[in-house]
Amino acid sequence: MAEGMTWSVTDGDKLTQAEVYGEVLSQLGDRYPDIVALTADLATSTKIGRFGRKYPDRFINVGIAENTMFGLAAGLAQAGLRPVVSTFAVFTALRSAEQVRTDICYQNLNVKIIATHAGISFGQAGSTHHCTEDLAVLRSFPNMTVIAPADGMETGNAVAASMEWPGPVYIRIGRGFEPPVNRTQDYGYTIGKAITMKEGKDITLIACGVGVHHALRAAEVLEKQGLSARVINMHTIKPIDREAIIQAVKDTRRIITIEDHNIMGGLGSAVAEVIVESGKACGFRKLGIPDCFSIVGYPEDLYHHYKFDADGIVETVSEIMRMEIEEDEDWEDEV
Amino acid sequence: MPLTQEEIKELTRKAWDIRKAIVDITYTCGGSHIGGSLSETDVLVALYYKYLNIDPARPDWEDRDRFILSKGHGGIGWAAVLGDKGYFDKALLKNFNKTGSPFGMHLDSLKVKGCDASTGSLGHGLAIATGLAMGARLRKKDYRTYCMMGDGELCEGTVWEAAILASHHKLDNLTAFVDRNGLMIDGMTEVITTLEPLPDKFKAFGWEILVVDGHDFAAIGGAIEKAWAIKGRPTVIICNTVKGRCVDLMENQAQWHYGGLNSDLRDQALACIDTHYKGILG
Ligand SMILES: Cc1ncc(C[n+]2csc(CCOP(=O)(O)OP(=O)(O)O)c2C)c(N)n1
């Protein structure tokens, strides 16, 4: 384990996001004896069961009862424990939205939530299981921190960092087959601080979750076409890294956001708010699920179908590059 | 009227076909909730081939009986039945789970004929069924509403909220089934969160309780007919079942809640099913 690191996973770049977090959480168990892990009959599917095997006395499987689970987490937090709760994103953000908001966020309780199978990563399961609203919903809850890690390593980092971050934290990950973008854990992850994965001057791709992988792939293709694309991993949707966004507006004047989420209310909206408030002109497009109930299918096919894989991004880039964008002389006051 | 021996044989033959279809679709689609699909099969077969007043040629017929599969992950078993009944071309089931297919793991009421509610998020079905039953009464319709729940699903509070409501409104046109296979995903219901004494719980909520062997057509049929005769309260038929029924390697195995089959496993599963039914039917 490197100096100062709280976890270490061998071959973490080959494990799914959930496998890494299950392992990391069980490593954090010693350092944080107040962690109690909760799930609602999804110990196996979410991988929080790993913690349960190591610390059976600090693990509660509530049965298939999500609303009660989030209420229980609030009570445990008030009693001085550090609940870490894991179920699918759809049951967290939608079914139990009120428990998360009123019982947990209102009192700013120390509850960490790891929601799996988010977006369309559980594509074959259909609309009842897709969750393309969670970033929008949870971003609107005061006190809530919202994180969408890019891969397994980052999930490990986010889970570890959340332990030292005050208040409720929502970490949303996919089903687990998302390709890794980080080879090691040691790249300076900080909640709220965007990561520039690749420098570029013509356009900026701001992505979260599996979108980061697609953006990097698109950037490679664009490079061959003579376009230099900056790729920003905006893993924290709230609080969002305003400086990174404004800098991108200034440097590239064109931004595309990429997320496995409805294009309404999630990363794209959060980035748009910052751009508009800056008063600066910027070509802008949001890629994700275009405000519809997503169809059934394999996630990779669906990313392509909804045009936020590398092909779709490249297509949108060529569209936005044709836009005329007014020059603005007066940048220095903003950045 | 109790089922005749001939009817029971007929239903048994259907269940044989449906269980084999479940295995086949699981093989082609890459993975399914096979355990719970095999446990619910006999109740679905009894309903669809004997008791439901339906017309597959008119899936939107106003007066049809309603069936809600609240344990929506059993969709593959339900789809096998609906396809066989002729709600759609069975051949389409080859596309189960495939990109752009109307059939995902949980059936979609907008895409699959014969499916009246997009379930899959557990704990929704009984409330919807209660609404359908109440709607029949308000619109002076004679149709009955049936709802099938998993036993693990009973952990959801909404089940009990609907149970209170249905008994308060004396919805005797509503029959619920519990597929009591004793397992949820992470293990046994009684180890994770105790459900027993389950009949007493429903009883305390004002329901009529019938407990049957959920793989015995005579018992299932008898209970359904008994429920028709009960006035002034809804009935729940607790069906004792075996998760993974008829496939030895899956029976009572929590890890077969969801799984995929390679061709060896598929052949093994089909052989098990054949042996089981040849034993019964000769
Ligand atoms: C609200 C909700 N929470 C969790 C799940 C994930 N899930 C799917 S099936 C299942 C277990 C269901 O157990 P049970 O109701 O007993 O069904 P069966 O054993 O008959 O398959 C769970 C937890 C879900 N689909 N919906």
Side-chain angles (χ1 to χ4, degrees), chain A residues 38-49 52-53 56 59-72 86-96 99 117 120 122-131 175 177 292-306, chain B residues 29-33 70-73 75-76 95-112 115 117-125 149-161 183-195 254-255 257-258 260:
Chain A
L38 313 184
T39 191
D41 194 30
L42 291 171
T44 328
S45 321
T46 65
K47 311 292 179 237
I48 201 166
R53 282 199 294 280
F59 174 71
I60 303 156
N61 192 336
V62 303
I64 311 169
E66 295 79 8
N67 295 350
T68 295
M69 173 167 67
F70 286 103
L72 182 77
S86 201
T87 181
F88 293 173
V90 67
F91 308 133
T92 305
L94 301 180
R95 188 191 204 84
S96 301
Q99 276 79 6
H117 297 62
I120 49 179
F122 199 9
Q124 302 99 305
S127 293
T128 57
H129 281 63
H130 296 175
C131 186
R175 190 183 183 196
F177 305 115
C292 62
F293 285 104
S294 31
I295 62 171
V296 165
Y298 303 115
E300 318 76 69
D301 293 345
L302 298 187
Y303 302 143
H304 184 73
H305 178 84
Y306 291 115
Chain B
C29 79
S32 84
H33 294 92
S70 191
K71 47 169 283 193
H73 58 281
I76 202 159
N95 298 326
F96 214 93
N97 277 357
K98 303 263 153 59
T99 300
S101 164
F103 301 100
M105 283 173 202
H106 309 90
L107 299 191
D108 183 324
S109 61
L110 297 181
K111 295 176 186 157
V112 178
C115 168
S118 301
T119 51
S121 180
L122 295 167
H124 288 224
M149 293 177 286
D151 51 0
E153 183 181 8
L154 301 181
C155 301
E156 290 288 0
T158 44
V159 170
W160 301 97
E161 295 169 17
L183 290 171
M184 35 187 152
I185 297 182
D186 289 334
M188 289 162 71
T189 58
E190 298 317 282
V191 171
I192 294 170
T193 43
T194 312
L195 291 174
Q255 69 268 30
H257 173 79
Y258 178 90

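Everything numeric here is computed off the predicted structure, so don't read it as measured data. Proteins get letters first, then strands, A, B, ... in listed order; numbering begins at 1 in each.
- Between B:S101 and A:Q124, every side-chain heavy-atom pair lies at or beyond the 4.5 Å cut-off.
- Checked against a 6.0 Å centroid threshold, the rings of A:H129 and A:F91 count as neighbours.
- Listed by chain and residue number, nothing satisfies the side-chain hydrogen bond (donor to acceptor under 3.5 Å, both in side chains) test with A:T92 (two or more places apart in sequence, or in another chain).
- Ring geometry for B:H257 versus B:H73: interplanar angle of 30 to 60°, hence tilted.
- The greatest number of non-hydrogen atom pairs below 4.5 Å with chain A, out of B:G104, B:G72, B:G31, is found for B:G104.
- With sequence neighbours excluded, no residue forms a side-chain hydrogen bond (donor to acceptor under 3.5 Å, both in side chains) with A:T128.
- Between A:R95 and A:E66, at least one side-chain N (NZ, or NE/NH1/NH2) sits under 4.0 Å from a carboxylate O, which counts as a salt bridge.
- Contact tally against chain B (heavy-atom pairs below 4.5 Å) for A:A125, A:S127, A:G126: the top residue is A:A125.
- Within the 4.5 angstrom heavy-atom criterion, atoms from both the backbone and the side chain of B:E156 approach chain A.
- Contact count versus chain B (heavy atoms, under 4.5 Å) is highest, among A:T39, A:I295, A:T44, for A:T44.
- Within the 4.5 angstrom heavy-atom criterion, only side-chain atoms of B:Y258, from C-beta onward, approach chain A.
- Between the side chain of B:E153 and the backbone N or O of A:I64, no donor-acceptor pair lies under 3.5 Å.
- Taking all atoms of both residues into account, the shortest heavy-atom contact from A:V296 to B:F103 is CG1-O, 4.0 Å.
- Between chain A and the residues B:H124, B:H106, B:K111, the most heavy-atom pairs under 4.5 angstrom are made by B:H106.
- Contacts of B:T119 with chain A are made by backbone atoms alone, with heavy-atom separations under 4.5 Å and no side-chain atom involved.
- In this structure, the portion of A:V62 lying under 4.5 Å from any heavy atom of chain B is its backbone and not its side chain.
- Of the two parts of B:T99, the backbone and the side chain both hold a non-hydrogen atom closer than 4.5 Å to a non-hydrogen atom of chain A.
- Considering only heavy-atom pairs separated by less than 4.5 Å from chain A, the leading option among B:I185, B:N97, B:L122, B:D186 is B:D186.
- For the pair A:H130 (side chain) and A:G123 (backbone), a donor-acceptor distance under 3.5 Å is present.
- Interface remark: A:I60 contributes no atoms to any contact with chain B (heavy atom separation under 4.5 Å).
- Contacts of A:N61 with chain B are made by both backbone and side-chain atoms, with heavy-atom separations under 4.5 Å.
- Of the two parts of A:F88, neither the backbone nor the side chain holds a non-hydrogen atom closer than 4.5 Å to a non-hydrogen atom of chain B.
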